[in-house]
Amino acid sequence: MTEQSQQAAAGTPEGQGPVEITQATADRLASERESLFEKFEIPDGFPPEVLEEAEARTEDVTTEIEAEVDERQDLRDMMTWTTDPIDAQDFDDALSVAEREDEYVLWVHIADVTHYVTPDTTMWDEALRRANTVYLPGYTVHMLPPMLAETVCSLVPEEDRLAHTVEMHLDKETLGYEDIEIYKSVIRSDERLTYTECENRLDDEDAPLHEEIQLSYDLADRMHEQRKEDGSLVLNPRRDRAHTIIEESMLKANKAVTHTLMWDRGLEAVYRVHPQPTPDQWSDALREIQELDGVSIPGASWEDPRKAVNATLEDAPQRQLSKIQRAVMKVMPRAKYMSDPFGGHHALNFEIYGHFTSPIRRMSDLVNHWIVATNDVPADLAELCTRASDRQKDAEQCEREYKTALNEAGLDPAAVNNRGVEVVEE
């Protein structure tokens with residue numbers, strides 16, 4: 001870890017060092033993971049042919065990227081940076097931003113995974129089989145071979161990388177899309193920031209990238225407030241500035257891509273559809289929230305349950321936030337992937353929505369990258385959507401059961417997730 005990273009980690013959970021466990025506990029957890037992987041049919045290791053293919057695609061990277069430059073938009077001189085957790089191993093999204101006289105321009109650069117992982121590769125078949133990366137506290141089962149995801153598909157600083165860029169021209173008053181361009185690019189990230197470092201840059205006017213990060217936060221904060229005004233449900237209203245930048249920028253890019261696919265191209269794709277609770281279910285949730293000690297739902301917001309929850313979370317005591325969130329999640333139907341976007345995304349209050357910004361860890365995004373680049377819709381798209389939904393559900397249940405196992409072993413899942421583990425002698 002660099003000195004800068006050590007300073008950024010100081011005072012954070014990550015800065016406390018790994019959670020220490022005995023060999024006996026490590027063996028117990030390994031056995032628990034093995035049982036869960038068998039129960040949920042989660043493949044831990046990769047087949048040899050997939051690893052061989054991934055290794056071959058990481059060879060002679062510089063020459064391949066140079067050969068691509070003339071076919072892509074060259075954005076290597078554009079100020080660009082990534083922001084990720086301190087322990088992130090791959091960086092699949094980067095940002096650039098500009099303010100002009102009559103508009104903002106936001107560039108979201110996503111690693112061009114489908115340049116390397118195409119439908120004629122075993123990596124593609126394996127990614128569709130896995131459907132997503134499974135994140136357990138202290139243990140990750142990847143969708144793509146790490147040797148690929150952490151090298152050519154990682155937007156590391158000071159290295160040329162192939163990207164899929166979403167360029168959004170936003171009206172200064174409404175923040176609506178004036179123009180959307182999606183294209184293949186070559187970028188060169190200037191810096192890799194942790195969330196803590198991003199926060200520190202916002203506080204230090206003399207720090208590198210301060211002006212760009214401040215502009216991205218000012219824009220993201222406005223987009224966040226606008227979403228709430230439009231009726232988007234925000235269950236985590238006290239998120240820090242760095243996370244707000246990333247969350248709002250990715251939402252804006254995902255929405256731009258899937259609107260382009262549906263309205264401009266009329267294509268089926270992997271859309272994210274979130275049904276709404278029934279009126280009775282919403283009433284049950286609001287009554288449960290209203291009965292919490294120290295919590296009051298503002299009278300003017302009762303007509304729109306999402307706005308009611310947003311307003312309540314803003315003023316509720318910290319100790320009640322998780323209870324409010326649980327009351328809402330209890331009545332929320334599961335979101336699912338579908339080839340037909342209609343029905344929209346209730347929680348976000350988006351008419352059309354889908355995923356594009358995480359092709360390293362979600363099959364939905366990987367397939368959408370391919371559709372955006374080629375207009376080639378897989379013949380079995382409906383089945384892929386069903387599989388993505390089912391495998392996401394299995395991954396979430398596996399994570400819940402593993403957290404239970406950690407608690408039974410006397411370990412805090414959040415601490416293990418943030419800090420990892422280290423085996424020590426008894």
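Just so it is clear, the model here is predicted, and its values are computed rather than measured.
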Under the ring-ring contact (aromatic ring centres under 6.0 Å, His included) criterion, do Tyr337 and His355 qualify, and how do the steps go? CA-CA 9 Å; Tyr337 292 107; His355 287 152; 5.7 Å; yes

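With respect to Arg227 and Glu248, a salt bridge is recorded, a charged nitrogen being found less than 4.0 Å from a carboxylate O. Between Asp390 and Arg387, none of the side-chain N atoms (NZ, or NE/NH1/NH2) sits under 4.0 Å from a carboxylate O, so this pair counts as no salt bridge. A salt bridge does not link Arg192 with Glu197: none of the charged nitrogens is closer than 4.0 Å to a carboxylate oxygen. Under a 4.0 Å N-O distance rule, the pair Arg188/Asp77 does not qualify as a salt bridge. A salt bridge is defined here as a Lys NZ or Arg NE, NH1 or NH2 lying under 4.0 Å from an Asp or Glu carboxylate O, and Arg130 with Glu126 meets this definition.
Figure legend: cation-pi geometry between Arg362 and Phe356 absent, as NZ or CZ is not positioned both under 6.0 Å from the six-membered ring centre and within 45° of its axis. With Phe350 as the aromatic partner, Lys255 meets the cation-pi criteria of under 6.0 angstrom to the ring centre and within 45 degrees of the ring axis.
For the 3.5 Å distance criterion, the side chains of His142 and Thr133 fail to qualify, holding no donor opposite an acceptor. Checked by atom type, the side-chain pair Thr174/Asp171 shows a donor-acceptor distance below 3.5 Å.
For the pair Thr118 (side chain) and Thr114 (backbone), a donor-acceptor distance under 3.5 Å is absent. No donor-acceptor pair under 3.5 Å is formed between the side chain of Ser232 and the backbone N or O of Lys228. Asn254 places a side-chain N or O within 3.5 Å of a backbone atom of Met250 that can act as its donor or acceptor partner.
Take Glu268 and apply the salt bridge (Lys or Arg N to Asp or Glu O under 4.0 Å) test, not counting sequence neighbours, and it matches no residue. Partners of Glu211 according to the salt bridge (Lys or Arg N to Asp or Glu O under 4.0 Å) rule, which considers only residues two or more places apart in sequence or in another chain, do not exist here. Take Asp264 and apply the salt bridge (Lys or Arg N to Asp or Glu O under 4.0 Å) test, not counting sequence neighbours, and it matches no residue.
Residue-environment remark: CD (Glu173) stays at or below the threshold of 12 foreign heavy atoms within 6.0 Å. For Lys172, the NZ atom sits in a packed shell: over 12 heavy atoms of surrounding residues, nucleotides or ligands are nearer than 6.0 Å.
Glu68 CD to Lys184 NZ: the interatomic distance, rounded to the nearest 0.5 Å, is 7.5 Å. Considering OH of Tyr402 and OH of Tyr139, their distance stands at 9.0 Å, rounded to 0.5 Å. We find the CE-CD distance between Met79 and Glu191 to be 8.5 Å, quoted to the nearest 0.5 Å. Rounded to the nearest 0.5 Å, atoms SG (Cys398) and CZ (Phe37) are 5.5 Å apart.
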